[in-house]
Amino acid sequence: MTVRTRFAPSPTGYLHIGGARTALFSWAYARRHGGQFILRIEDTDVARSTPEAVQAILDGMKWLGLEHDEGPFYQMQRMDRYKAVIAQMLAAGTAYYCYTSREELDALRAEQEARKEKPRYDGRWRPEPGKTLPPVPTGIEPVVRFKNPTDGAVAWDDAVKGRIEFANSELDDLIIARPDGTPTYNFCVVVDDWDMGITHVIRGDDHVNNTPRQINILKALGAPLPVYGHLSMILGDDGQKLSKRRNAVAVTDYDDAGYLRDAIVNYLARLGWSHGDDEMFSREQFVEWFDLDHITSSAAQFNTEKLNWLNQQYLKTADAVYLADEVAKRLAKRGVTVSNDAHLQNVVALYKERAVNLNELADAVEPVLVELHPTDEMKATHFTETGLSALRDLRDRLVAVSWEKAALSACIKETCAALGVKMPAVAIPLRVAVLGLPQSPAIDAVLEVMGRESVLARLNRFL
RNA sequence: GUCCCUAUCGUCUAGAGGCCUAGGACAACACCCUUUCACGGUGUGAACCGGGGUUCGAAUCCCCGUGGGGACGCCA
């Protein structure tokens with residue numbers, strides 16, 4: 001049997017980081033076992049679902065590089081199928097009409113809460129042998145409820161949490177179709193997972209309570225049961241539940257913030273799953289190693305500092321063409337137009353080891369690409385009499401030197417010797433003069449990449 | 001309130017009864033490297049929630065507490 005997993009978000013917002021991890025694990029599990037990964041959009045909540053949200057999810061998945069093999073399937077397009085199954089269940093007696101109004105339900109719930117009981121439907125319309133049902137009221141369109149078993153228990157071996165068991169007496173008869181005939185979530189999921197041949201349902205922790213109900217429906221339908229694996233949630237940096245107000249939650253926020261997709265994937269993989277002491281691994285390695293046995297069953301707190309570190313590691317080894325592309329894109333957003341050419345790639349390569357994210361890399365690279373003027377304070381501090389004479393001495397040496405790092409370095413050292421000063425006395429004013437900043441990578445490398453013309457022009461601004 | 005899940009350094013985690021005087025990573029701190037800022041290197045401090053069992057032996061198994069989380073919708 002080939003493994004078939006699915007990711008089934010509801011399009012009511014962005015693809016958030018928790019959903020992204022769920023998708024990643026489902027994707028990886030399918031890939032690991034040579035199976036299929038299916039994308040299904042659960043859009044039966046017509047009031048809250050939007051096409052923009054669907055697009056945001058698709059964009060997020062694409063950005064992360066999680067490609068689906070089948071779908072996206074839309075539940076709204078499967079209405080006929082759901083309705084057919086409901087009719088079939090009604091006929092088989094595994095579901096029944098319920099005429100209880102919302103008001104009655106609210107009253108029932110209030111009573112139960114007052115008595116400190118778990119709120120649940122009391123089964124007043126549930127047909128039983130020998131039971132007399134209330135008279136059918138006029139003018140009320142009934143909902144359809146699933147006839148849940150009343151005794152015994154439902155249990156399953158959760159792939160991440162182990163054995164979980166619920167007494168059927170804890171479960172009430174859930175509504176599977178609204179008065180207008182549209183099916184509800186728990187029912188659609190069941191029919192979809194069945195029809196789509198899903199073998200492993202990997203989803204968030206918040207669904208464990210739905211699982212026994214879904215299993216009971218599957219059993220009533222005579223459908224095979226998938227393996228369930230419930231992932232615990234991701235908490236924010238502050239240990240609180242993730243919220244849009246306090247945390248970056250949409251995966252595209254991380255793109256905007258300058259994180260590399262591979263770093264995010266690696267970080268997410270490591271958040272809640274482990275392979276011994278391994279911290280950094282490629283996507284391919286992850287797929288090869290991934291299993292359900294090493295998933296943590298307790299909630300994990302998101303740690304931006306560790307993500308930053310990982311991102312930096314990825315940045316250091318990232319391909320220069322790709323980085324140049326990202327940098328150009330980010331510079332363009334602030335009105336600096338550069339093309340992804342050999343020069344940009346060289347500059348990026350020089351700076352990539354000292355940035356933690358792509359935005360910082362763009363910041364760092366910008367002074368090389370466009371002329372920045374040092375602040376008055378910098379000038380006052382660094383363009384002292386000795387500073388300026390060092391720059392003059394150096395400039396004269398740079399005019400004719402062969403333009404490569406070793407020779408440039410030699411020039412700087414000669415200036416140091418000529419003026420009887422140490423390296424920083426020359427290097428720092430030099431940085432301020434050519435970059436407008438007192439810090440940079442090794443200055444000889446910076447000069448080399450900038451080119452003679454540009455360096456001399458910038459130096460002469462102050463001499 | 002009821003049900004379900006969960007509990008190892010500040011954080012992510014290793015740990016499948018003896019390999020644990022509990023390992024790694026991030027962060028912190030110290031030192032080293034250094035042409036500035038970073039990178040990097042070396043090292044230090046830092047944890048098995050509490051109480052009972054089971055066992056020759058428990059971070060690991062069981063029970064009870066406590067803390068944390070989730071669910072209890074004609075939302076998904």
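Just so you know, these numbers use all the heavy atoms, side chains as well, and skip hydrogens, waters and symmetry mates. Every chain is numbered from 1, with letters handed out A, B, ... down the list of sequences. Everything quoted here is computed from the prediction, not taken from an experiment.
The cationic group of Arg124(A) does not satisfy the cation-pi geometry with Tyr121(A), failing either the under 6.0 Å distance to the six-membered ring centre or the 45° limit from the ring axis. For the pair Arg81(A) and Trp194(A), the cation-pi test (distance below 6.0 Å, angle within 45°) is passed.
Taking atom C1' in both U55(B) and C62(B), the straight-line distance is 12 Å, to the nearest Å. Separation of the C1' atoms belonging to C19(B) and A59(B) is 14 Å when rounded to the nearest angstrom. Using atom C1' as the reference point in both U21(B) and C39(B), the two lie 35 Å apart (nearest Å). Only the C1' atoms considered, G50(B) is 12 Å distant from A7(B), to the nearest whole Å. Using atom C1' as the reference point in both G17(B) and C61(B), the two lie 8 Å apart (nearest Å). Atom name C1', nucleotides A25(B) and G18(B): the rounded distance is 27 Å, in whole Å. Taking atom C1' in both U8(B) and G67(B), one finds a spacing of 15 Å when rounded to whole Å. Using P as the reference atom, C49(B) and G23(B) are 16 Å apart when rounded to the nearest Å.
Mapping His294(A) and Gln439(A) onto RNA chain B by nearest heavy atom places His294(A) closer to the 5' end of the strand. For the pair Thr100(A) and Met233(A), both in contact range of RNA chain B, the more 5′-proximal nearest nucleotide belongs to Met233(A).
Between the C1' atom of C4(B) and the CD atom of Glu165(A) lies a distance of 12 Å, rounded to the nearest Å. Tyr121(A) has its OH atom 11 Å from the P atom of C74(B), to the nearest Å. Atom CG in Asn186(A) sits about 11 Å away from atom P in C74(B), given to the nearest Å. What separates NZ of Lys118(A) from C1' of G1(B) is a distance of 11 Å, to the nearest Å. The distance from atom CD1 of Ile234(A) to atom P of U13(B) is 9 Å, rounded to the nearest whole Å. Rounded to whole Å, atom P of A14(B) lies 11 Å from atom CG of Asp291(A). One interatomic measurement links the two molecules: CD1 of Ile428(A) to P of A38(B), which rounds to 12 Å at whole-angstrom precision. In this structure, Tyr351(A) places its OH atom 15 Å from P of U36(B), rounding to the nearest Å.
Shown here, G1(B) forms a base pair with C72(B); the pair counts as Watson-Crick or G-U wobble because both key distances fall under 3.5 Å. Partner assigned to G67(B) is U6(B), using Watson-Crick or G-U wobble distances below 3.5 angstrom. Checking A16(B) for Watson-Crick or G-U wobble geometry (two distances, each under 3.5 Å) identifies no partner in any strand.
Counting any heavy atom pair closer than 4.0 Å across all strands shown, Pro9(A) reaches no nucleic acid atom. When heavy atoms are screened at a 4.0 angstrom cut-off, Thr44(A) is found touching the sugar-phosphate backbone but no base atom. The residue Glu113(A) sits apart from the nucleic acid: no heavy atom pair falls under 4.0 Å. In this structure, Ala300(A) reaches the sugar-phosphate backbone alone: every heavy-atom distance under 4.0 Å involves primed, P, OP1 or OP2 atoms, never a base. Heavy atoms of Gly272(A) sit under 4.0 angstrom from primed sugar atoms or phosphate atoms, though from no base atom. Contacts of Ile443(A) with the nucleic acid, taken as non-hydrogen atoms under 4.0 Å apart, include base atoms. Heavy atoms of Tyr185(A) sit under 4.0 angstrom from at least one base atom.
Counting atom types as modelled, Asn209(A) pairs a side-chain N or O with a base atom of G70(B) as donor and acceptor under 3.5 Å.
Counting all heavy atoms, side chain and backbone alike, Phe25(A) lies closest to Leu271(A) at CZ-O, 4.2 Å. Nearest approach of Ala355(A) to Leu315(A), heavy atoms of both residues: O-CD2, 3.1 Å.
The aromatic rings of Phe281(A) and Trp273(A) sit perpendicular to each other, their planes meeting at more than 60°, with 30° as the lower class boundary.
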Base, backbone or nothing for each nucleotide of nucleotides 23-29 of chain B, written B, S, -, heavy atoms under 4.0 angstrom, 5' to 3'?
BBBSS--
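Under a 4.0 Å N-O distance rule, the pair Lys83(A)/Asp80(A) does not qualify as a salt bridge.
Contacts between residues 147-161 of chain A and RNA chain B, defined by a heavy-atom separation below 4.0 Å, involve Lys161(A), listed by number.
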